[in-house]
Amino acid sequence: MKFFIDTANLDEIREAYDLGVLDGVTTNPSLMAKEGITGEANIRAHYKAICDIVDDNVSAEVISTDFAGMIREAEELVTIDDKIVVKIPMIKDGIKAIKYLSDEGIRTNCTLVFSAGQALLAAKAGATYLSPFIGRLDDISSDGLQLIAQIVDIYDNYGFETEVLAASIRHTMHLVECAEIGADVVTCPLKVITGLLKHPLTDSGLEQFLADYKKGNG
Ligand code: G3P
């Protein structure tokens, strides 16, 4: 299972990478804006800075919504670094763009996915990654994890190579349940990754071990 971090914050990306378990980064226009990254040149430089931290898989999202614009942006984004994966929205022209880019050997991440039907289309178009947003489904009283399970089943039925990248992950149990279901990738905030470390019995057990050592060794 791959772990991606869902942020454009360089310190958080470095911290997750230093932990030794990070396989990639996902960004989106909202995450870039949150870091105050605006203007084409700055956005490009920021993607490069992210690529310089991690080993591979840096998702950079297009902002065009028409086929020609998406292709133009995608071809420009991949010149930044070989680690770039082009994030394309799940819309009609997005599917056409994914098919075109896939035929060109350019990796894509199909984003804003909320249904199994959309997942099927993206896989047929040859998306490298598929990003269903589970937290946003839960927010509207739908079941995000059930969608992940449904997509994993469908992809298994036909041997689709598109990797299921569970996104919009809000807490550690989302991540653990995605692992049980068999999602290929999770992308989540740093606090969800570091949240996996926590258990009170680990803390109290370590405290006891250290106290006992101190008693015997001064
Ligand atoms: O990268 C997109 C996705 O993970 C969004 O998450 O928390 O804005 O629903 P969120």
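When a ligand or atom number is given, it counts from 1 through the structure's own listing order. Every value quoted in this text rests on a predicted model; they were computed, and no experiment measured them.
Note on ligand 1: K87 sits in its first shell, one or more heavy atoms being nearer than 4.0 Å.
Nearest to atom 8 (O) of ligand 1 among the protein's heavy atoms is R136 NH2, 2.8 Å. Atom 3 (C) of ligand 1 has D6 OD2, 3.4 Å as its closest protein atom, hydrogens excluded (heavy atom only). Ranking the protein heavy atoms by distance from atom 6 (O) of ligand 1 puts S168 CA, 3.4 Å first.
Each of the atoms 7 (O), 9 (O), 10 (P) of ligand 1 lies under 4.0 Å from some heavy atom of R170. Each of the atoms 4 (O) of ligand 1 lies under 4.0 Å from some heavy atom of A167. Atoms of ligand 1 lying under 4.0 Å from any heavy atom of N28, numbered from 1 in the order shown and given with element: 1 (O), 2 (C).
Ring geometry for Y158 against F160 counts as tilted: the plane angle lies between 30° and 60°, on a 0 to 90° scale.
Look at R136 and D139 and you find no salt bridge, because none of the NZ, NE, NH1 or NH2 atoms lies under 4.0 Å from a carboxylate O.
Polar contact with ligand 1: absent for T27 (N/O pair, distance under 3.5 Å).
Residues L190 and T7 fail the side-chain proximity criterion, which asks for heavy atoms closer than 4.5 Å. Looking only at side-chain heavy atoms (C-beta outward), R107 and D56 come within less than 4.5 Å of each other.
The neighbour count for E75 CD, taken as heavy atoms of other residues, nucleotides or ligands under 6.0 Å away, is above 12.
Scanning both residues, Q118 and L112, for their nearest heavy atoms gives OE1-O, 4.0 Å.
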